[in-house]
Amino acid sequence: MSDSTNSEFAREQSQAREEFKKVTEIRRKLDLLARHVASRKDALEEEIQEHLHESLANARESMERIEENIAPKVEKAIRTKMEEVDRKMARMNEDGLVAVREELVKATPDITKEIIKALDKLVAENTRFAKMEILNEIREELDAAVKSATAPIDDKLEKGLSAAKVLSFAALVLSAAALLGMVWVAVK
């Protein structure tokens with residue numbers, strides 16, 4: 001029985017050595033795989049950073065091109081609206097003067113003075129109202145022009161650079177607001 005126990009023990013010991021060798025080999029391969037995965041992860045992170053920087057640079061260039069394309073259109077729209085404002089103002093002034101002249105012919109000197117005061121107020125109110133309407137039209141057209149010009153870029157930026165899109169759009173809105181402010185100051 002001792003020979004069979006010894007041979008069985010020797011067989012189990014031999015089998016345990018083989019299993020240990022297999023486990024050691026698997027562990028060695030696992031370590032190699034872990035190093036390879038870590039190395040690949042670092043390489044992918046670097047590649048992602050490069051692509052991100054490249055995409056941001058492309059987005060900046062696109063925004064500059066948009067600004068270059070929009071500026072002449074905005075300037076033309078402003079010029080057109082300002083000419084329209086001038087024409088409307090001239091028509092309103094002419095209409096107001098004609099109405100005042102007719103009233104002066106019909107009225108007595110005392111009533112004429114009161115009518116002139118009232119008409120001056122009315123002309124000022126109408127002028128202010130017309131300016132506000134025209135400014136609102138300009139704002140709407142500028143908003144539409146900015147939206148239509150930025151739509152293709154928004155789609156492109158929406159796919160990969162949502163943070164850059166938000167910053168760019170904010171800059172565009174601020175520039176449009178500044179432009180509207182300038183138009184408002186110029187009209188006033």
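We count residues from 1, following the sequence as given.
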Q: Go through the steps to decide whether E125 and K121 satisfy the test salt bridge (Lys or Arg N to Asp or Glu O under 4.0 Å), and finish with yes or no.
A: CA-CA 6 Å; E125 288 176 16; K121 289 179 185 176; over 6 Å; no
Q. Is there a chain of hydrophobic side chains (I, L, V, M, F, W, Y, each step under 4.5 Å between heavy atoms) that links M132 to V183?
A. yes
Q. Measuring from I26:CD1 to E19:CD, what's the distance to the nearest 0.5 Å?
A. 8.5 Å
Can you list, pair by pair, the side-chain donor-acceptor contacts under 3.5 Å of residues 33-52, counting residues two or more places apart and other chains?
none

Q | Rounded distance [0.5 Å steps], CG in N136 versus CD in E140 | A | 6.5 Å
Q | Min side-chain heavy-atom separation K22-E25 under 4.5 Å | A | no
(Q) How long is the straight-line distance from OG of S7 back to CD of Q13, given to the nearest 0.5 Å? (A) 12.5 Å
**Q.** Partners meeting salt bridge (Lys or Arg N to Asp or Glu O under 4.0 Å) with E83 (sequence neighbours left out)
**A.** none
